[in-house]
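Counting starts at 1 for both ligands and their atoms, following the listed order. Worth saying up front: this structure is predicted, and the values here are computed from it rather than measured.
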Amino acid sequence: MPLPLPVSLTPSKVASFKDCALAFRFSAIDRLPEPPSPWATKGTLVHRALELLFCEAPAGRTLEAALGCLDRARAEMASHPEYLGLGLDAEAESTFAAEAEVLVRRYFELEDPTRVHPIGLELRLEVQLGSLTLRGVIDRLDLDPDGGLVVTDYKTGKAPGVPHEQSRLGGVHFYAFLCEQLLGRRPVRIQLLYLSEPVAIVAEPSDQSIRGLEQRALAIWKAVERACANDDFRPHPSRLCDWCAFRDFCPAFGGDPERARELVAVS
Ligand code: SF4
């Protein structure tokens, strides 16, 4: 029986379909709940702290202010189900807080926030491409000294090795594409700030990169449409399986995908 199409694609959904079509189905189509992970929750916390920092006037964006913003973000998060779901004990909680602080401190090794001119924070963008809706959230959109748009994406995980750099930049080209479609201007620069290293990966969007992104997004959408029409989402075991929330339902690990559907049907 054909499966319903997901309503939209985001950069992470595109990556998840390419990594493993079955995991994509569980997440984007069956919408199985995924347990909160300390890495993702820490990322949410650090993103919020940096968002608060950029609400300050430029001269006030000091390291001390950033640590204050982190405290505020932690207070906001303390009662959030995502954080409570981690079930951290006191020791794990203080490790979690210390690791988040390291990420905020390392941000200051990558750029001087007093010299950044943001014009948008946590911007939600959406464009229609034929029958496909593309959605994304831009962490920060800046104006450079010449008035050009700069897209910045904070990353709290490890930076990719050189062979994977271009594929990781695909996500940011995605944001450049959304900007161009919605604001009528192509960003002059896109940058991924990997806070844990810390390292910045920077690229300049071009006709070629934007066209390539559009073609890849449409090709993936066609593949998703085909997979839905034929109910054919295959597992693709890789190192990512170690972190996959759906292993219990995955045939590569002796699971039964039908059980996932039964769960969805009763929920
Ligand atoms: S366990 Fe691995 S192969 Fe199975 S769904 Fe998850 S990522 Fe895909």
Side-chain angles (χ1 to χ4, degrees), residues 1-44 47 81-83 85-88 96 99 132-137 153-175 192 194 196 201 213 216-267:
M1 193 175 76
L3 293 177
L5 280 169
V7 289
S8 62
L9 282 185
T10 60
S12 62
K13 290 270 186 294
V14 168
S16 121
F17 184 78
K18 280 166 41 188
D19 288 335
C20 174
L22 184 59
F24 172 89
R25 190 204 98 179
F26 288 142
S27 167
I29 296 173
D30 296 332
R31 294 178 167 275
L32 289 183
E34 296 176 47
S37 86
W39 306 283
T41 309
K42 204 180 304 151
T44 306
H47 275 71
E82 184 184 335
Y83 183 72
L86 296 176
L88 302 179
F96 182 92
E99 288 173 352
L132 165 63
T133 305
L134 286 171
R135 282 205 178 103
V137 180
D153 198 41
Y154 307 119
K155 297 289 182 191
T156 49
K158 277 180 80 69
V162 172
H164 301 290
E165 234 175 57
Q166 284 312 313
S167 72
R168 291 300 196 278
L169 272 168
V172 187
H173 283 301
F174 196 105
Y175 297 127
L192 299 177
Y194 279 89
S196 64
I201 299 177
L213 181 283
R216 277 195 304 282
L218 287 171
I220 287 173
W221 185 240
K222 274 201 167 47
V224 170
E225 285 181 323
R226 252 193 327 270
C228 282
N230 301 321
D231 188 0
D232 182 13
F233 287 89
R234 297 180 194 183
H236 181 243
S238 71
R239 284 179 52 203
L240 295 176
C241 299
D242 291 347
W243 297 278
C244 180
F246 311 119
R247 278 170 65 138
D248 288 352
F249 306 114
C250 176
F253 290 86
D256 177 5
E258 287 310 311
R259 268 192 54 226
R261 286 196 189 153
E262 287 160 17
L263 267 185
V264 174
V266 296
S267 63

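Under the side chain to side chain contact (heavy atoms under 4.5 Å, CB included) criterion, E225 pairs with L5, S131, W221, K222, not counting sequence neighbours. For C244, the side chain to side chain contact (heavy atoms under 4.5 Å, CB included) partners two or more places apart in sequence, or in a different chain, are F246, R247. With sequence neighbours excluded, no residue satisfies salt bridge (charged side-chain N to carboxylate O under 4.0 Å, His left out) with E82.
In this structure, S27 and E34 approach most closely via the heavy-atom pair OG-OE2, 3.3 Å.
No side-chain donor-acceptor contact under 3.5 Å links D30 to the backbone of L32.
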The test is side chain to side chain contact (heavy atoms under 4.5 Å, CB included); show your working for Y175 and V137 and say whether it passes.
CA-CA 8 Å; Y175 297 127; V137 180; 5.7 Å; no
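Protein atoms of type N/O/S that fall under 2.8 Å from atom 2 (Fe) of ligand 1 number 1 in this view.
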